[in-house]
K.L.:
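Please read through the structure below; I'll follow up with questions.
To find a chain, count down the sequence lines: A is the first, B the second, and so on, and within it residues start at 1. In what follows, every heavy atom counts, from backbone to side chain, and hydrogens, waters and symmetry copies are set aside.
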Amino acid sequence: MKNVPPLSDFCASHDCVFEAKGLKKEFDDGRVQALRGVDFHIEHGEFVAIIGPSGCGKTTLLQMLGALDLPSGGILHYRGNSLPDLPDPSAYRAREIGFIFQSFHLLPTFTALENVQIPMFETEISASERNDRAIELLRSVGLEHRLHHFPSKLSGGERQRVAIARSLANGPSVLLADEPTGNLDSENTGHILELIIRLRHEQDMTLVLVTHDLNIARMASRTIQMKDGLIVSTREAPHTAN
Amino acid sequence: MTFLTIVVRGLLRRPVRTGLTLVGISIGIAAVVALVGISRGFEQSWATGMKSRGTDVVVSNMGATLTPKPFSATVRDRIASLPQVAATCVIFVDLTSIEDSSMMVVSAREWGGFSWQNLKLISGRMPKDAMEPVVVLGQTAAEVLKKKVGDTIQIEAEELSVIGIVDGGAMVENGSVILSLPLFQKMSGNEGKINVIDLRATPGMSEDEVRRLCEQINGLIPEARAMVAGEHLGNSQAYRIISAMSWGTSLLAVIVGVLGVMNTMLMTVFERKQEICILLAIGWKRGRIMSMILWESALLGLLGGIVGVLTGSAGVHLIEKLPAIHGLLEPDLSVQLMIFSVAIAVGVGVLSGLYPAWRSSRLTPSLAMQG
């Protein structure tokens, strides 16, 4: 991975995790422009909420940050390294990033305990270590009594807790959450957000969360508002969950 | 949880489809085991029969039928004097229907020839002279024909007495009706004709020397062909056709198996598209995804192979017991054949999984964000 100089003076003097300049993403041979030249930076330990209407490019931006897709143009750095030029994007996803999806995306034929172990297959730890670590993670999300339950036997809130535990499996430094409470009722939404924020704090992670919900966005240290593939405003929160 | 757990769970997602695919592979492998086992067993059975008679070289004219074509007995005179030939025994062998048995080997042997020497009497006695109207039965033939010493047996238009039951030391020998050559030649109107010459080479000759002797004999007699005992069956056009059909049918069954597994694995990849994308999104390498699909298809092949080998072996044993062919089959269900068949099944699995695995590795992880 090639180390490149910071794109901005800000990142030259701060611990930037992500830095983007003129970031673009096009689909269908340019007929759809999901990102139309986006500039931003995210510092280590920040909780950044990305808000905006459907189709504004929030999820596409999250995909770029998670190296799930390549940008069509512009520059995107992760800790001073060009993300599109990563020699092994899967290793980056496995070790640096924890994903939390709106629909949980647990594997239905595996128990909670097994689902949490699945990302660990990309690390060198033994089967018993995988098992112990998964138990510990499920305990940290309050599911020690649901270890051997299949996803179909868990409530929505419990499934998302398992998904959160899975996202932490390899000790990532960044959590990318795509509408993590989009499929939950208001009570579970509160619990899950509290859990994510607590874990982020405990494990000193950077959190980038995509949401429609302004109440959730208010909990972030910074909110990036998007519209039509562009960042239209960035707002620092005076009192944050930090 | 190990990687194998993940592989097994993948197969258990659709147990009915996995089960049906297993049945498909196992039928193919059962066909391989049965057909190849029977075909090789037939060949080996003859080889053992030759060995038990002490025959090194077989001179015959194997045409398009399972029994050799007759030729003049005087052919023997042209080869018996060769220095490398220790002894010869002329024979007329025929496959014919006898009473309730649809196919029975009738082996008419030169009176006093060495091909009588390996027969060990179990009961009764041997013929007294060349023209005594009697037969001896191999023990399996006696069992199949339900005959004992003192009974009679009809061959051609003649009724002959069973005067002895023998153990010939090989399935082919034990499944035969054995009588004197002159008697059979007279009964069948084949006076002066034979269709096999059993030949013993001079003791101490190497395998290469025996092969050279065969070449020398082939230069002397255009009527027949000399082959190393045990290999002579390969000279039979009929046997070659049966063997080719066995392999052809097996190959077809294997191809059907390949298509079945490939279809299943493609369906699996298609159905688990999002699951695979999630695995990619949470950091699994494409190689691990490919490996998972390949292991699933290989495991499917392995299980299908094991079930197929068991089914094929059981099927062959059942066929063996059928009254119509009892005593004629000695299938070669060797460990090597079993291992070979299971290896084919695993190969089928791996081969069938290659394309689905490649397809799975081409999926885009960003699809995980959808739905």
Side-chain angles (χ1 to χ4, degrees), chain A residues 25 27 34 58-64 66-70 88-111 113-123 126-128 130-131 134 148 150 163 166-170 172 176 178-179 183 210, chain B residues 1-19 21 264-265 267-297 299-300 357-371:
Chain A
K25 181 62 187 177
F27 297 101
K58 309 185 294 288
T59 300
T60 304
L61 182 56
L62 210 63
Q63 287 175 359
M64 300 297 118
L68 296 182
D69 210 344
L70 290 171
D88 186 359
S90 58
Y92 163 74
R93 288 193 294 269
R95 291 166 204 279
E96 303 293 327
I97 303 295
F99 270 109
I100 305 171
F101 305 98
Q102 179 179 355
S103 303
F104 325 130
H105 287 338
L106 298 177
L107 305 188
T109 51
F110 296 89
T111 63
L113 185 62
E114 290 164 344
N115 262 287
V116 176
Q117 290 182 54
I118 284 173
M120 299 182 206
F121 279 86
E122 287 300 332
T123 61
S126 68
S128 66
R130 274 199 297 269
N131 193 61
H148 303 293
F150 285 92
R166 179 181 66 184
S167 74
L168 302 175
N170 295 332
L176 300 177
D178 184 25
E179 303 267 13
N183 282 345
V210 163
Chain B
M1 184 174 68
T2 62
F3 187 64
L4 186 64
T5 316
I6 297 176
V7 170
V8 172
R9 293 286 172 81
L11 289 177
L12 292 177
R13 270 176 80 99
R14 300 272 183 192
V16 174
R17 190 172 62 203
T18 301
T21 311
T264 297
M265 295 317 295
M267 292 279 284
T268 294
V269 169
F270 181 73
E271 279 177 7
R272 287 157 65 188
K273 198 169 159 182
Q274 196 179 33
E275 189 177 310
I276 291 168
C277 293
I278 292 164
L279 290 172
L280 286 169
I282 62 176
W284 270 35
K285 287 183 169 42
R286 292 183 189 281
R288 190 175 296 277
I289 302 280
M290 285 182 76
S291 168
M292 178 180 74
I293 300 294
L294 280 174
W295 273 102
E296 280 183 27
S297 56
L299 188 61
L300 207 52
W358 179 79
R359 283 284 297 263
S360 70
S361 74
R362 297 295 94 197
L363 291 170
T364 315
S366 59
L367 290 176
M369 294 289 209
Q370 296 171 4

K.L.:
With sequence neighbours excluded, what pairs up with B:Trp284 under the side chain to side chain contact (heavy atoms under 4.5 Å, CB included) test?
P.N.:
A:Ile118, A:Phe121, A:Glu122, B:Phe3, B:Ile6, B:Leu279, B:Arg288, B:Ile289, B:Met292

K.L.:
Do you know which of A:Leu62, A:Leu107, A:Asp69, A:Thr59 has the most heavy-atom pairs with chain B at a distance under 4.5 angstrom?
P.N.:
A:Leu107

K.L.:
Please flag which part of A:Phe110 lies under 4.5 Å from any non-hydrogen atom of chain B: side chain, backbone, both or neither.
P.N.:
both

K.L.:
Give the C-alpha distance, both sets of side-chain angles, the deciding distance and a yes or no for side-chain contact (heavy atoms from CB on, under 4.5 Å) between A:Asp88 and B:Lys285.
P.N.:
CA-CA 9 Å; A:Asp88 186 359; B:Lys285 287 183 169 42; 3.2 Å; yes

K.L.:
For a quick test of reading the model, state the closest non-hydrogen atom pair linking A:Thr109 to B:Arg13 and the distance between them.
P.N.:
CG2-CG, 3.5 Å

K.L.:
Checking heavy atoms, do the side chain of B:Ile278, its backbone, both or neither come under 4.5 Å from chain A?
P.N.:
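Contact with chain A is through the side chain of B:Ile278 alone.
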
K.L.:
Heavy atoms only, distances under 4.5 angstrom: which of A:Arg166, A:Glu114, A:Met120 has the most pairs with chain B? Name it, please.
P.N.:
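Greatest number of close heavy-atom pairs with chain B: A:Glu114.
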
K.L.:
Do you know which two heavy atoms are closest between B:Met1 and A:Arg130, and how far apart they sit?
P.N.:
O-NH2, 3.1 Å

K.L.:
Counting only heavy atoms from other residues, nucleotides and ligands, does the tally under 6.0 Å from CZ of B:Arg359 exceed 12?
P.N.:
no

K.L.:
For A:Pro172, which atoms come within 4.5 Å of any heavy atom of chain B: side chain, backbone, both, or neither?
P.N.:
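Contact with chain B: none, neither part.
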
K.L.:
Top residue by heavy-atom pair count (under 4.5 Å) with chain B, among A:Leu106, A:Ile97, A:Leu68, A:Asn131?
P.N.:
A:Leu68

K.L.:
Flag the one option from B:Cys277, B:Ala281, B:Gly10 with the top tally of heavy-atom pairs under 4.5 Å to chain A.
P.N.:
B:Ala281

